[in-house]
Amino acid sequence: MPQAPIALIARNPNAVLNWQTKLSAAMPNETIIAFAALSQAQKAAVEIAIVADPDPAEVAALPNLQWIHSLWAGVERLVAELGAAAKPIVRLVDPELARTMAEAVLAWTYYLQRDMPAYRAQQTTLEWRQRTYRPPSTMTIGILGYGALGSRAAERLNQAGFTVCGWSRSPKAADAHAQLYSGDDGLTAMLAQSDIVVCLLPLTVETRGLINSTFLAEMKRGASLINFGRGAVIVPEALIAALEAGRLSHAVLDVFATEPLETASPFWTHPSVTVLPHISAPTNFDTASVIVAGNIKAYRDTGALPKTVDVVKGY
Ligand code: NDP
Ligand code: OXD
């Protein structure tokens with residue numbers, strides 16, 4: 001009997017076209033069909049859906065679905081929209097994504113370490129002033145979230161000479177690159193020593209609003225924040241207040257609760273905020289397609305799925 005087709009579901013039509021080409025090349029033995037092109041009989045047969053920000057109604061229209069492969073690393077929207085009864089979700093874990101994110105973390109850490117926002121501001125007022133150079137060895141970078149992305153970023157930062165700390169949900173032993181913390185006390189200890197805090201947390205019930213006024217008050221005076229995780233981890237008013245009060249020097253924000261960032265957001269014009277349009281780690285369609293193909297082949301061969309998302313924890 002021929003194998004059931006795999007459904008490809010994405011809200012963005014360009015994403016559907018690009019992914020269909022790359023995924024089909026990586027899986028020549030599979031038939032990958034965009035949701036809109038599936039017949040009723042094909043919808044009834046589909047066992048696997050590959051999704052990128054899908055319309056949940058389209059996922060729900062596949063009665064024989066066994067599991068979902070997300071092309072995104074962050075799955076908070078999928079988990080929220082599909083609910084506790086969702087079929088198993090496998091998210092994208094791609095070493096190339098981790099490499100790209102680690103590169104971004106290092107790049108924006110250098111941006112802050114070398115005082116680039118301050119020099120940019122000086123240029124606008126024609127001010128010739130040399131600031132004190134801070135060698136990486138004198139700076140501690142605290143990473144919130146020590147998973148696939150956070151641990152790779154720690155390695156890259158540590159190789160560049162920075163002292164690195166990481167914070168995760170479950171306790172972990174220190175590795176070669178970072179001192180590791182967990183729990184509320186661990187967070188307090190990490191914030192007290194970090195010159196730059198980098199957020200690589202998933203958005204969950206626990207992490208939503210984590211970076212609030214209490215959190216910001218625990219950061220070192222004059223420290224900076226980089227958020228490459230998800231926007232809703234930050235309480236915007238609390239961050240603006242900490243920047244205005246001079247408690248925090250600068251924030252580099254790549255992700256926002258609403259994207260694109262609303263034109264009315266004070267982040268756009270704040271002199272101590274750098275706004276990026278969710279570009280810290282663009283997905284590589286080629287490497288991601290190979291990862292997805294490998295996971296689907298393993299499932300076809302053995303029936304086994306890679307680690308799936310824990311919908312209760314939310315990541
Ligand atoms: P992982 O699931 O591999 O890692 C998540 C880390 O966060 C783990 O260390 C986990 O702890 C920790 N964590 C989760 N909840 C808590 C909590 N309540 N308290 C403390 N630590 C917590 O995810 P990835 O590293 O692959 O990705 C992280 C996030 O990055 C994604 O969810 C996504 O939102 C974002 N992302 C952003 C991109 C961008 O372009 N800006 C691109 C790709 C991803 P533990 O180890 O104990 O489980
Ligand atoms: C992702 C992202 O989660 O691009 O993959 O943010």
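All values derive from a computational prediction rather than experimental measurement. Indexing begins at 1, ligand by ligand and atom by atom, following the structure's order.
- In plain terms, the two heavy atoms of Gly166 and Ala178 that are nearest each other are N-CB, 4.3 Å.
- Contacts of Val255 with ligand 1, taken as heavy-atom pairs under 4.0 Å, involve the side chain alone.
- In this structure, the protein non-hydrogen atom closest to atom 2 (C) of ligand 2 is His278 NE2, 3.5 Å.
- Neither the backbone nor the side chain of Arg77 has any atom closer than 4.0 Å to an atom of ligand 2 (non-hydrogen atoms only).
- The single protein non-hydrogen atom nearest to atom 47 (O) of ligand 1 is Ser170 OG, 2.5 Å, given as residue, atom name and distance.
- Of all atoms in ligand 1, numbered sequentially from 1 with element shown, those under 4.0 Å from a heavy atom of Tyr146 are 6 (C), 8 (C), 9 (O).
- For atom 5 (C) of ligand 1, the nearest protein heavy atom (residue, atom name, distance) is Pro202 CD, 3.7 Å.
- Look at Arg230 and you'll find a heavy atom under 4.0 Å from some atom of ligand 2.
- Ring-plane geometry between Tyr111 and His250 is classed as perpendicular, the angle between the planes exceeding 60 degrees on a 0 to 90 degree scale with a lower cut at 30.
- For Glu127, the CD atom counts as densely surrounded, since its 6.0 Å shell holds more than 12 non-hydrogen atoms of other residues, nucleotides or ligands.
- For Thr204, the heavy-atom gap to ligand 1 stays at 4.0 angstrom or more.
- In this structure, Arg300 places its CZ atom where more than 12 heavy-atom neighbours from other residues, nucleotides or ligands lie under 6.0 Å away.
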- request: Go through the steps to decide whether Gln159 and His177 satisfy the test side chain to side chain donor-acceptor pair (under 3.5 Å), and finish with yes or no.
  value: CA-CA 8 Å; Gln159 284 164 352; His177 308 293; 5.5 Å; no

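- From the protein, the heavy atom lying nearest to atom 18 (N) of ligand 1 is Glu206 OE1, 2.9 Å.
- Numbered from 1 in the order shown, with element, the atoms of ligand 1 that lie under 4.0 Å from a heavy atom of Lys172 read 45 (P), 46 (O), 47 (O).
- For atom 35 (C) of ligand 1, the closest non-hydrogen atom on the protein side is Gly229 O, 3.6 Å.
- For atom 48 (O) of ligand 1, the nearest protein heavy atom (residue, atom name, distance) is Tyr315 OH, 2.6 Å.
- For atom 34 (O) of ligand 1, the candidate residues are Arg230, Arg152, Lys307; the nearest heavy-atom contact is made by Arg230.
- Nearest heavy-atom pair, Val46 versus Pro5, reported as atom, atom and distance to 0.1 Å: CG2-O, 3.5 Å.
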- request: Please report the C-alpha distance between Val197 and Leu191 in whole Å, then the side-chain angles of each, then the deciding distance to 0.1 Å, and finally whether the side chain to side chain contact (heavy atoms under 4.5 Å, CB included) criterion is met.
  value: CA-CA 7 Å; Val197 172; Leu191 295 181; 3.9 Å; yes

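- The heavy atom nearest to atom 25 (O) of ligand 1, out of those in Val93, Leu149, Leu97, is found in Leu149.
- Considering backbone and side-chain atoms together, Ser280 places an N or O closer than 3.5 Å to an N or O of ligand 1.
- Each of the following atoms of ligand 1 lies closer than 4.0 Å to a heavy atom of Ala73: 43 (C), 44 (C).
- Atoms of ligand 1 lying under 4.0 Å from any heavy atom of Met101, numbered from 1 in the order shown and given with element: 37 (C), 38 (C), 39 (C), 41 (N), 42 (C).
- Contacts with ligand 1 closer than 4.0 Å are made by heavy atoms of both the backbone and the side chain of Arg169.
- Ion pair Glu259/Arg77 not flagged as a salt bridge, since none of the NZ, NE, NH1 or NH2 atoms sits closer than 4.0 Å to an Asp/Glu carboxylate oxygen.
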field: Glu206 and Arg169: CA distance, side-chain angles, deciding distance, salt bridge (charged side-chain N to carboxylate O under 4.0 Å, His left out) verdict
entry: CA-CA 10 Å; Glu206 287 177 13; Arg169 191 169 187 275; 3.1 Å; yes

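- Side chains of Val51 and Trp19 form no contact here, defined as non-hydrogen atoms less than 4.5 Å apart.
- Closest to atom 29 (C) of ligand 1 by heavy atom, among Leu201, Leu276, Val205, is Leu201.
- Of the protein's non-hydrogen atoms, Phe228 O, 3.1 Å is the one closest to atom 37 (C) of ligand 1.
- Note: an N/O pair closer than 3.5 Å links Ala148 and ligand 1 by distance alone.
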- request: Report the C-alpha separation of Tyr299 and Glu47 in whole Å, then their side-chain angles, then the decisive distance to 0.1 Å, and conclude whether the side chain to side chain contact (heavy atoms under 4.5 Å, CB included) test is met.
  value: CA-CA 11 Å; Tyr299 172 75; Glu47 287 177 19; 3.8 Å; yes

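- Against a heavy-atom cut-off of under 4.0 Å, His278 is close to the following atoms of ligand 1: 39 (C), 40 (O), 41 (N).
- Remark: distances from the non-hydrogen atoms of Asp254 to ligand 1 include one below 4.0 Å.
- In terms of protein heavy atoms, atom 23 (O) of ligand 1 is closest to Arg91 NH2, 3.3 Å.
- Across the listed options Leu203, Thr207, Ile143, Thr207 owns the non-hydrogen atom lying nearest to atom 17 (C) of ligand 1.
- Counting protein heavy atoms only, atom 1 (C) of ligand 2 is closest to Ala73 N, 3.4 Å.
- Counting protein heavy atoms only, atom 4 (O) of ligand 1 is closest to Gly147 CA, 3.2 Å.
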